[in-house]
Amino acid sequence: MTKTVLVVGAGQAGAEFALAYRAKNSTDRIVLVGEEPELPYRRPPLSKLFLARQMPQAQIYLHAEATYAKQNVELRLGLRAEAIDRNARRVRFADGSSEPYDTLVLATGGRVRSLSVPGADASNVRYLRSLADAQALSALLGPGKRLVIIGGGYIGLEVAATARGLETQVTVLESMPRVLARVTAPELSAFYEKVHRDAGVVVRTDVQIDHIEHGHQGSAVVLKSGERHPADVILVGIGLIPNTELAADAGLDVDNGIRVDGHAQTSDPNILAVGDCANHHNRLLNRRLRLESVPNAMEQSRAAAATLAGTPTEYAPVPWFWSDQYKLKLQMAGLSQGHDQTVMRGDPAKQSFTVFYLSQGAVIAADTVNHPPEHQLAKRMVAERLRPDIQRLADDTQPLKDLFITNTERKA
């Protein structure tokens, strides 16, 4: 009998799962449901090329509608899932309709964390998560416009770079002592702060927002110190909250995401979860992770498709991410939390370098700026928990690949 595979969430993870599973199974019915009315699309360009008006909307979509039709994937867009009936194996939607399933795949993603200070509910206080968000924000940027960004993480800094390219006046306000403080070493934070300041961005760190005032002369973000930052538009970029309510209400195990094993399996054998909403056990790193990244969405969805197709492959990747700002490509491999040593390789003044993070002599993460070959080798270092000679690691005249040979010799 034909089985129904219902995918709730039509973002990068949901769309990838649907097509990856179709490649493994030609007969099951696949239904892909998305809350947004748009075809599944890529989110990274929303803070960069699409926001900068350098990418047509047609190019942001993952696939043309005809692709899903050809692969016999049913699309139901602009439809919000409201409840899962696990006993009946059925999902109820906001329009009153429902859909049965034999296997349910939750790819519900996340939503932006909102700012809760007086004045934050005004129409010129914006967030960036959806295509509609990017369209609205892009229309507000340009020469003479003043943009204040609350949050000095990846999204905030990417938008700052894009906005400067559109000749917008930009101020970045970060509550931590440095930008990117949660994910990078002080050396990298200092580098990016300098890059943005050199581009004309006002960067203020270690500040707290008191309120946002609005008046006849415009708006301003007011700090607890009393300092005011006038703005025409304010962008809040302070993190993401995983959409787990649907799963929690159905009684699935939830803890900073929907808990899954290394095969994307939830606590219900008939339900899988993938992408930003899933908290998986990573055997390689020996810890649970919820990753917000395109590589995770793609790779975990393929692993889930293999699980459902009966050819399970354990999902235990080296996490990796990227961020494009100005002409700089930052590529990150591994997770730096818990490091006890950093090693700089290269010269930040030349805008091509790598910061390695080590724990007890082993490489656990690396941040690479404008040097893709080293990023690929860094991923391998993290996967193998390489224990390199520190002096040679820091010497960028020494080929990085030779450290693998040296490491083998040291083990022998």
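Only heavy atoms go into these numbers, but all of them, side chains included; no hydrogens, no water, no symmetry mates. Quick note: residue numbers are just sequence positions, from 1.
For the residue pair Glu16/Ser301, the side-chain donor-acceptor check at 3.5 Å is not satisfied. A donor atom on one side chain and an acceptor atom on the other are not found under 3.5 Å apart for Gln169 and Thr171. No side-chain N or O of Gln331 forms a donor-acceptor pair with one of Thr368 less than 3.5 Å apart. Side chain to side chain, Asn124 and Ser219 meet the donor-acceptor criterion of an N or O pair below 3.5 Å. Residues Tyr61 and Gln57 bring a donor and an acceptor atom of their side chains to less than 3.5 Å of each other. Judged by distance alone, the side chains of Ser138 and Arg53 do bring a donor and an acceptor atom under 3.5 Å apart. When only modelled atom types and interatomic distance are considered, Asp95 and Ser97 share a side-chain donor-acceptor pair under 3.5 Å. Gln341 and His339 share no donor-acceptor pair across their side chains, judged by distance under 3.5 Å alone. Using modelled atom types, one finds a donor on one side chain and an acceptor on the other under 3.5 Å when comparing Tyr21 with Asp28. If you check the side chains of Arg288 and Asn279, you find a donor sitting under 3.5 Å from an acceptor.
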Query raised in the report: Are Arg76 and Glu74 close enough, and set up right, to give a salt bridge (charged side-chain N to carboxylate O under 4.0 Å, His left out), and what steps lead you there?
Result: CA-CA 7 Å; Arg76 297 193 65 187; Glu74 299 175 34; over 6 Å; no

Report task. Would you please test Asp210 and Val117 for side-chain contact (heavy atoms from CB on, under 4.5 Å) and show each step? Result -> CA-CA 7 Å; Asp210 185 76; Val117 300; over 6 Å; no

Report task. Run the numbers on Thr67 and Glu65 for side chain to side chain donor-acceptor pair (under 3.5 Å), then give the verdict. Result -> CA-CA 5 Å; Thr67 299; Glu65 187 171 3; over 6 Å; no

Report task. Please lay out, stage by stage, how Asp396 and Arg345 fare under the test salt bridge (charged side-chain N to carboxylate O under 4.0 Å, His left out). Result -> CA-CA 6 Å; Asp396 65 346; Arg345 178 182 173 88; over 6 Å; no

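Within the 4.5 Å cutoff, the side chain of Val274 has heavy atoms near those of the Val105 side chain. Inter-residue side-chain proximity for Asp268 and Arg86 is flagged as met; some heavy-atom pair is nearer than 4.5 Å. Looking only at side-chain heavy atoms (C-beta outward), Ser267 and Arg259 stay at 4.5 Å or farther from each other. Under the 4.5 Å side-chain criterion, counting only non-hydrogen atoms from C-beta, Leu106 is not in contact with Thr266. Counting heavy atoms from C-beta outward, His63 and Pro40 have side chains that stay 4.5 Å or more apart. When side chains are defined from C-beta on, Leu285 counts as touching Leu335, because their heavy atoms get closer than 4.5 Å. Here the side chains of Arg380 and Phe404 are in contact, with some heavy-atom distance below 4.5 Å.
Taking a 6.0 Å sphere around CZ of Arg182, one finds it holds 12 or fewer heavy atoms contributed by other residues, nucleotides or ligands. Within a 6.0 Å sphere centred on CD of Glu187, other residues, nucleotides and ligands contribute more than 12 heavy atoms. At most 12 heavy atoms of other shown residues, nucleotides or ligands fall within 6.0 angstrom of atom CD in Gln360.
Here Leu272 contributes atom CG and Ile258 contributes atom CD1; the two are 10.5 Å apart, rounded to the nearest 0.5 Å. How far CG of Leu386 is from CG of Leu393: 8.5 Å, rounded to the nearest 0.5 Å.
The one candidate from Leu377, Val318, Ile364 that meets the side chain to side chain contact (heavy atoms under 4.5 Å, CB included) condition with Val382 is Val318.
For the pair Glu36 and Arg43, the salt-bridge criterion is met [side-chain N within less than 4.0 Å of a carboxylate O]. Between Arg204 and Glu174 there is no salt bridge, since no side-chain nitrogen of the basic residue lies less than 4.0 Å from a carboxylate oxygen of the acidic one. The pair Arg178-Glu193 does not meet the salt-bridge criterion, since no charged nitrogen lies less than 4.0 angstrom from a carboxylate oxygen. Salt-bridge formation is not detected for the pair Asp85/Arg90: no Lys NZ or Arg NE/NH1/NH2 atom is positioned less than 4.0 Å from an Asp or Glu carboxylate oxygen. Using a cutoff of 4.0 Å between basic side-chain nitrogens and carboxylate oxygens, Asp324 and Lys329 are scored as salt-bridged. Taking 4.0 Å as the cut-off between side-chain N and carboxylate O, Lys145 and Glu167 do not count as a salt-bridged pair. Salt bridge absent: Arg92 and Glu99 never bring a charged side-chain N and a carboxylate O closer than 4.0 Å.
Between Tyr315 and His263, the distance separating the two ring centers is not shorter than 6.0 angstrom. Less than 6.0 angstrom separates the ring centroid of Tyr326 from the ring centroid of His196. For Phe191 and Phe353, the ring centers are positioned less than 6.0 Å apart.
Across all their heavy atoms, Gln300 and Gly275 have their closest contact at OE1-N, 2.9 Å. Annotation for Leu173 and Val148: closest pair CD1-CG1, 3.7 Å, computed over non-hydrogen atoms.
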